[in-house]
Amino acid sequence: MTAELIDGKKLAADVRERLKMEIAAGQGEDLPVLAVVMVGENDASRIYVRNKQKAAAEIGMVCEVYEFAESIGERALMSSLQDLNDNPHINGIIVQQPLPEHIDPLKILAVIDPAKDVDGFSPTNLGLLATKEPQAIVAATPKGVLQLLQSTGQELAGRHAVIIGRSNIVGRPLAMLLLNQDCTVTVCHTKTRNLAEIVRQADIVVAACGCARLVKADWIKDGATVIDVGINRVEGKLCGDVDFDAVKEKAAYLTPVPGGVGPMTVAMLLENTWEAAQRQFREGKAGSAAGHGHHCSCGHCRS
Ligand code: NAD
């Protein structure tokens with residue numbers, strides 16, 4: 001069997017096109033605004049942020065970057081986040097990680113207004129996801145993985161999904177998301193014994209461990225669906241956590257790296273921001289034109 005590749009690039013382009021049309025059609029409403037908070041200097045973070053800005057601009061979304069010095073204290077950062085929470089023009093807030101050592105990311109994430117927490121990393125949104133509340137904002141990468149799975153048209157209920165990785169940004173929220181889809185979920189990690197044996201039982205394998213080509217073809221049940229979240233650089237080339245060339249001959253569906261989960265992550269962040277903005281517009285909490293009935297000169301609003 002040769003796997004059908006799941007084209008994340010195409011799926012993400014479709015999502016971005018839809019968002020662009022919806023935002024353009026929102027006549028009379030404010031433009032959605034995403035605030036990206038960056039602390040200190042980090043080359044990788046800068047590239048990620050630039051990509052997010054570019055992707056936002058392409059769909060007509062405003063992306064404002066708030067940069068803080070490496071030396072900023074935890075309290076000062078929390079207070080700046082509170083200002084962003086209180087700013088009615090801002091619909092989504094993300095804090096680019098990693099943060100400097102002296103700042104506790106959990107404390108910072110807990111300050112973000114759950115309605116604006118478009119990364120879905122705040123304890124409130126994780127709790128809403130865990131309790132299957134529909135208003136949960138779901139982290140972009142797990143949400144992208146679910147949409148990639150759904151794009152194959154297969155029934156998810158009752159399937160055994162094995163996730164390799166238990167990080168707060170991928171493995172854990174994905175476990176809850178797939179449980180909410182009625183999958184039977186197993187989460188594996190560095191202390192898991194007999195990893196290969198467990199993966200062999202999976203109808204769906206999601207590799208999110210950051211180990212280049214860890215998942216071998218003889219770990220894969222014939223006809224399984226394999227989603228590769230990993231991004232690794234080996235001899236200057238990008239590869240995932242799955243031994244792609246060999247696994248391709250065993251799986252029914254497989255995502256490539258690059259061109260699988262990566263593009264979906266950015267598209268899902270934009271989708272989360274647009275959905276949060278729409279909720280805020282509806283509830284009259286955001287912006288000025290629609291919600292508060294006065295003319296605004298902030299430069300973002302259409303009024
Ligand atoms: P992380 O380092 O925070 O977590 C890795 C997890 O994998 C841990 O829970 C660990 O227990 C587990 N693990 C590590 N080695 C293992 C092994 N040999 N066997 C079993 N479990 C093992 O990483 P993360 O932030 O969750 O990211 C995981 C990978 O996904 C990385 O390659 C990262 O670059 C990539 N990633 C990609 C996207 C995307 O958009 N495509 C988004 C986020 C992360």
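Just follow the structure's listing: the first ligand is 1, and inside any ligand the first atom is 1.
Ranking the protein heavy atoms by distance from atom 2 (O) of ligand 1 puts Cys209 O, 4.9 Å first. Scanning the protein heavy atoms around atom 25 (O) of ligand 1, the nearest turns out to be Ile169 CD1, 3.5 Å. When only non-hydrogen protein atoms are considered, atom 42 (C) of ligand 1 lies nearest to Thr141 OG1, 3.3 Å. In terms of protein heavy atoms, atom 19 (N) of ligand 1 is closest to Leu195 CD2, 3.7 Å. For atom 43 (C) of ligand 1, the closest non-hydrogen atom on the protein side is Val170 CG2, 3.8 Å.
Under 4.0 angstrom from ligand 1, the non-hydrogen atoms of Cys211 all belong to its side chain. Heavy atoms from both the backbone and the side chain of Val229 come within less than 4.0 Å of ligand 1.
Listed by number with element, the atoms of ligand 1 under 4.0 angstrom from any heavy atom of Arg166 are 6 (C), 8 (C), 9 (O), 11 (O). Within ligand 1, counting atoms from 1 as listed, the ones closer than 4.0 Å to a heavy atom of Ala208 are 5 (C), 6 (C), 7 (O), 28 (C).
Summarising the contacts of atom 23 (O) of ligand 1 with Ala212, Ala140, Gly144, Ser167, the nearest heavy atom is found in Ser167. Between atom 12 (C) of ligand 1 and the options Gly165, Gly210, Gly262, the minimum heavy-atom separation is to Gly165. Scanning Ile231, Ile164, Thr265 for the heavy atom closest to atom 34 (O) of ligand 1 points to Ile231. Ranked by closest heavy atom to atom 10 (C) of ligand 1, the top entry among Ile163, Val145, Thr190, Val187 is Thr190.
Distances from atom 21 (N) of ligand 1 to the protein include at least one heavy-atom value under 4.0 Å.
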* Between Met1 and Asp222, is a side chain to side chain contact (heavy atoms under 4.5 Å, CB included) present by the stated rule, with each step listed? -> CA-CA 8 Å; Met1 168 180 279; Asp222 272 330; 5.5 Å; no
* When you look at Thr265 and Lys143, which way does the side chain to side chain contact (heavy atoms under 4.5 Å, CB included) test go after all the steps? -> CA-CA 8 Å; Thr265 294; Lys143 195 177 180 193; over 6 Å; no
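Put simply, the residue from Arg16, Arg18, Lys20 that forms a salt bridge (Lys or Arg N to Asp or Glu O under 4.0 Å) with Glu271 is Arg18. Each of Thr186, Thr184, Asp203 was compared with His160 under the side chain to side chain donor-acceptor pair (under 3.5 Å) criterion, and only Thr186 meets it.
Salt-bridge formation is not detected for the pair Arg279/Glu283: no Lys NZ or Arg NE/NH1/NH2 atom is positioned less than 4.0 Å from an Asp or Glu carboxylate oxygen.
A donor-acceptor contact closer than 3.5 angstrom links the side chains of Arg159 and Gln154. Under the 3.5 Å distance criterion, with hydrogens and angles disregarded, no donor-acceptor pair is assigned to the side chains of Lys116 and Asn91.
More than 12 heavy-atom neighbours from other residues, nucleotides or ligands sit within 6.0 angstrom of NZ on Lys216. Shown here is Asp43, whose CG atom has no more than 12 heavy atoms of other residues, nucleotides or ligands within 6.0 Å.
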